[in-house]
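Heads up: the structure comes next, in structure tokens.
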Amino acid sequence: MELPMVQSTRLDQLRGPVRAKRHNARTIAALTGNPGCDRRAVLDAAGVDKLKLAEQVGFPGSFGQSRFALSRGNAFEAMLKADDCALLREVLAASSELAYQDLGADHDDTLGDRHERTVELLAGARAALVDHPLLTLDVAGQTVYLEPDLIAWAHHGRLQVVEIKSFAIIDDQAESAKVSGAAVQAAVYVLALRQLLERLGRDPALVSHEVVLVCPAGFSLRPAAVVLDVRKQLSTLRRQLSRMASISVLIDALPPGLTFDLSLTPEQLTAALAHVEPRYAPECLSACELSVYCRDEATGSTAALGRTVREALGGIETVGEVLALAEGRREPSEDQAEAAALLRAALRLRSEALS
Ligand code: SF4
């Protein structure tokens, strides 16, 4: 999907004279983490490097996987894929007869060539375990290349995405934030595959909404597979991508000449950020490069305490106001009356419990 020329020029202005930061499955998945945030929507649509922006305004954060997690993940994936995916076939209960097709990260060719090979392979109907496929997805007018860990075309002629992760499943449990992150990332691949099948004139429903997550079981690297239904993640993702495609309303409301050009001073960039409404929530800390900056900015606001608190105290913006209403030092407005009564009752109960 091409962006209109005016909109694309405005996005270039917002970013400044550098190449747009490219998305990948991880960053697209992170878009769903806080779909109501205008600041993130604008910066991502313009391809601003948020990590560098955070550094520039004095709030660098450690973001992304640790080096240990990366090397553990690479070792686990290499082990699963060794000998034509012998171990992975065992975990997936895939027949040893099933062909293994490596579309080759090692080939000396461009991303476009590899994508072409993926399209050619998926246009046919041969059953195979497809390794190193390269898919594409449109994100705010930008074509993003995506590399799923593997596509298993094995289950009754349906395409199934296999996502390999290095976090452990212990006693059938894994950290829920990590599992939901993996589910959203897999949903990105499902969406890209469905769009590809549509372009090929094939039925997109051939791509299963059930993805297979393969993780180490316990503290060893012995693999285990679980099936995740990603229908919910798919619909959030579609909504967020269409919001980015219709970013023009947000952009039109920004002051003319506003830019996040990284060569500006920290003060100028901080002032520019103030023009785009954030929606900070503690979840931002694991999903957005600007989180340390936005958390600092949100200090003292009820929003910084999380969505549940923000929703329970709707209409009361700051912790100071909450305390004043609870202690009766401030008269509530009409729409704060209910929350104020609850706050006074909560304070009374707390005082009784403590005395
Ligand atoms: S960290 Fe800031 S910019 Fe990022 S999603 Fe949260 S509020 Fe929005």
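Every number for a ligand or one of its atoms is a count from 1 in the order of the listing. For the single chain, residues carry numbers from 1 onward in sequence order.
Note that the OH atom of Y189 and the CG atom of L196 stand 15.0 Å from one another [nearest 0.5 Å].
The two residues F76 and P223 come nearest to each other via the heavy atoms CZ-CB, 3.9 Å.
Among protein heavy atoms, the minimum distance from atom 4 (Fe) of ligand 1 is reached at C288 SG, 2.4 Å. For atom 6 (Fe) of ligand 1, the nearest protein heavy atom (residue, atom name, distance) is C284 SG, 2.3 Å. Protein heavy atom at the shortest distance from atom 5 (S) of ligand 1 is N34 ND2, 3.5 Å.
Within 6.0 Å of the NZ atom in K21, the count of heavy atoms belonging to other residues, nucleotides or ligands does not exceed 12.
Between the side chain of S166 and the backbone N or O of R72 there is no donor-acceptor pair closer than 3.5 Å. In this structure, R330 contributes its side chain and L325 its backbone to no donor-acceptor pair below 3.5 Å.
Just one residue in the list L14, L273, V276 forms a side-chain contact (heavy atoms from CB on, under 4.5 Å) with L43, and that residue is L273.
Coordination check, C294 versus atom 2 (Fe) of ligand 1: passed, since an N/O/S atom of the residue sits under 2.8 Å. At least one N/O/S atom of C37, whether from backbone or side chain, sits less than 2.8 Å from atom 8 (Fe) of ligand 1.
Near Y280, with a cut-off below 4.0 Å to any heavy atom, the atoms of ligand 1 are 7 (S). Every atom of ligand 1 is numbered from 1 in the order shown, and the set under 4.0 Å from a heavy atom of R279 is 7 (S).
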